[in-house]
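A short write-up of the structure that comes next.
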2 protein chains.
Amino acid sequence: MFDVTEFQARCRAAGLALTHQRQVIYQVLMQARGHPCPEVIYEKVRKRIPSISAGTVYKNIKTFLNAGLLCEVTLHHGTMRLETNVQPHHHLVCTGCRAIFDVDSNEVDEVQLRRKPPKGFLVNGYKIEFYGLCPGCRKRQ
Amino acid sequence: MFDVTEFQARCRAAGLALTHQRQVIYQVLMQARGHPCPEVIYEKVRKRIPSISAGTVYKNIKTFLNAGLLCEVTLHHGTMRLETNVQPHHHLVCTGCRAIFDVDSNEVDEVQLRRKPPKGFLVNGYKIEFYGLCPGCRKRQ
DNA sequence: CTACGTGCAAACCATTTGCGACACC
DNA sequence: GGTGTCGCAAATGGTTTGCACGTAG
């Protein structure tokens with residue numbers, strides 16, 4: 001699951017100091033189910049380091065994003081949804097409670113743009129979001 | 001482009017009063033290039049109705065969303081990105097400047113989940129987001 | 001005339017920033 | 001020992017809310 005040695009190595013590779021706070025934040029991120037937002041992370045981290053500040057959590061999340069240790073679920077502005085799964089994959093989103101589930105790349109067919117993208121746009125990849133209702137929200141309706 | 005009569009009809013159908021503010025907001029939304037956030041809309045509306053308040057714009061955007069006159073680009077929390085194109089379609093997102101372009105459904109292949117979604121999840125549809133760099137951001141790099 | 005819509009101002013929440021103190025390397 | 005990191009607290013930015021007044025139906 002969480003491998004300190006590997007985390008150390010990755011930090012060193014990125015030129016980042018290996019602080020206790022960072023280890024805990026990363027560990028919490030890895031162990032978090034779903035695709036937590038920074039606030040949730042902050043809450044969980046605070047259980048282990050009560051004195052930690054929100055600023056530190058936000059700063060380190062940004063640092064991890066820059067270092068490629070973390071991914072943002074979408075690129076749109078707003079509340080971040082995070083995941084340590086850096087491998088390309090897709091998402092299944094509940095339109096009711098906005099829960100997010102992972103869908104492996106090999107579970108869906110390859111997609112290709114039939115036409116050329118607009119003048120000069122360079123396409124690097126894509127993500128698919130499937131929408132629907134999770135079991136809980138289905139019952140509630 | 002903007003058809004007052006149709007807007008009237010849609011408002012009546014949804015049981016909404018036809019106010020001047022609403023007409024201007026909707027018109028601005030329709031004429032807006034890209035996928036504007038509420039703030040941008042607010043700015044543009046304010047040029048025509050300087051006395052309008054941000055609250056009114058936000059309230060009406062919510063109203064339009066409920067009435068199905070408007071779509072949110074993503075379901076994730078945070079800053080809204082809006083579009084009046086209610087037809088299903090996909091997006092091309094610039095990872096540099098976060099600009100969003102539309103991609104018509106018939107420009108990409110149909111996608112199917114190869115495996116069953118998690119226990120009891122009911123899938124209604126999907127959206128594809130292509131990522132890349134727009135011409136402007138390509139130059140800048 | 002009455003319910004719905006508007007403007008205003010304050011509140012809210014997530015996130016960012018600046019800075020002095022502290023810890024990793 | 002010096003740069004990078006932390007904690008704190010204040011600032012910011014987007015969005016929401018409550019309420020008194022105004023207007024569409």
Side-chain angles (χ1 to χ4, degrees), chain A residues 4 7-26 28-29 35-67 69-70 72-82 98, chain B residues 4-5 7-26 28-29 35-46 48-67 69-70 72-82 98:
Chain A
V4 198
F7 182 66
Q8 270 182 357
R10 294 236 237 165
C11 281
R12 194 167 307 132
L16 302 176
L18 188 78
T19 67
H20 181 226
Q21 287 86 336
R22 279 196 181 142
Q23 290 189 53
V24 173
I25 293 170
Y26 190 74
V28 165
L29 275 162
H35 300 73
C37 54
E39 268 201 287
V40 171
I41 298 302
Y42 175 49
E43 280 313 313
K44 294 200 178 179
V45 170
R46 205 144 61 127
K47 281 183 189 150
R48 298 211 225 155
I49 314 176
S51 63
I52 202 170
S53 75
T56 300
V57 173
Y58 279 101
K59 280 173 197 163
N60 278 312
I61 285 172
K62 284 237 153 174
T63 306
F64 289 163
L65 284 171
N66 289 335
L69 292 174
L70 224 51
E72 266 188 88
V73 171
T74 70
L75 283 170
H76 307 289
H77 298 273
T79 307
M80 287 186 270
R81 301 296 291 269
L82 305 159
R98 306 198 163 191
Chain B
V4 197
T5 326
F7 183 66
Q8 271 184 357
R10 296 237 236 165
C11 281
R12 195 169 306 133
L16 301 176
L18 187 78
T19 67
H20 180 226
Q21 286 86 335
R22 278 191 184 149
Q23 290 188 53
V24 173
I25 293 170
Y26 190 73
V28 166
L29 275 162
H35 300 73
C37 55
E39 269 201 289
V40 171
I41 298 302
Y42 174 48
E43 280 314 311
K44 294 199 177 182
V45 170
R46 205 143 62 126
R48 297 212 225 155
I49 315 177
S51 64
I52 203 169
S53 75
T56 300
V57 172
Y58 277 102
K59 280 172 194 164
N60 279 312
I61 285 172
K62 285 236 153 172
T63 306
F64 290 161
L65 284 171
N66 289 335
L69 293 174
L70 224 52
E72 267 189 87
V73 171
T74 70
L75 283 168
H76 307 290
H77 298 272
T79 307
M80 288 187 270
R81 300 296 290 268
L82 305 159
R98 304 198 164 192

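Within every chain, numbering begins at 1; the chains are lettered A, B, ... in the order of the sequence lines, protein sequences first and strands thereafter.
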Distance in Å, [X] [atom1] paired with [Y] [atom2], rounded so as to fall on 0.5 Å steps:
{"X": "N66(A)", "Y": "L16(A)", "atom1": "CG", "atom2": "CG", "result": "9.5 Å"}
{"X": "Y58(B)", "Y": "E39(B)", "atom1": "OH", "atom2": "CD", "result": "5.0 Å"}
{"X": "T63(A)", "Y": "L69(A)", "atom1": "OG1", "atom2": "CG", "result": "9.5 Å"}

Using OP1 and OP2 only, check whether a side-chain N or O of Q21(B) sits under 4.0 Å from dT23(D).
no

Quick test: give all pairs of protein nitrogen or oxygen and nucleotides 17-22 of chain D nitrogen or oxygen below 3.5 Å, distance rounded to 0.1 Å.
residue, atom, partner, partner atom, Å
dG18(D), O6, K59(B), NZ, 3.0

Looking at residues 43-53 of chain A, who's got a heavy atom less than 4.0 Å off DNA chain D?
S51(A), I52(A), S53(A)

Determine whether a donor-acceptor pair (N or O, by modelled atom type, separation under 3.5 Å) exists between the side chain of R22(B) and the backbone of A17(B).
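Looks like yes, one N/O pair under 3.5 Å.
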
Which residues satisfy the side chain to side chain donor-acceptor pair (under 3.5 Å) test with T56(A), sequence neighbours excluded?
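Side chain to side chain donor-acceptor pair (under 3.5 Å) check on T56(A) returns S53(A).
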
Could you tell me which residues satisfy side chain to side chain donor-acceptor pair (under 3.5 Å) with R46(B), sequence neighbours excluded, listed by chain and number?
E43(B)

I'd like a table of atom pairs between the protein and nucleotides 22-25 of chain C - only N or O on both sides, under 3.5 Å - with the distance next to each one.
residue, atom, partner, partner atom, Å
dC25(C), OP1, L18(A), N, 2.8

Taking side chain as C-beta onward, heavy atoms only, is F7(A) less than 4.5 Å from L18(A)?
yes

Could you tell me whether the side chain of V57(B) reaches within less than 4.5 Å of the side chain of Q21(B), counting heavy atoms only?
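The answer is no, as the side chains (C-beta and beyond) never meet within the 4.5 Å cut-off.
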
Note down the inter-axis angle between the two ends of the helix from dC1(C)-dG25(D) to dC25(C)-dG1(D), five pairs each, to the nearest 10°.
40°

Which atom pair, heavy atoms only, marks the closest approach of I41(A) to L29(A)?
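The pair with the smallest heavy-atom distance is CD1-CD2, 3.6 Å.
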
Taking all non-hydrogen atoms of both residues into account, name the closest pair between I25(B) and I52(B) and its distance.
CD1-CD1, 4.2 Å

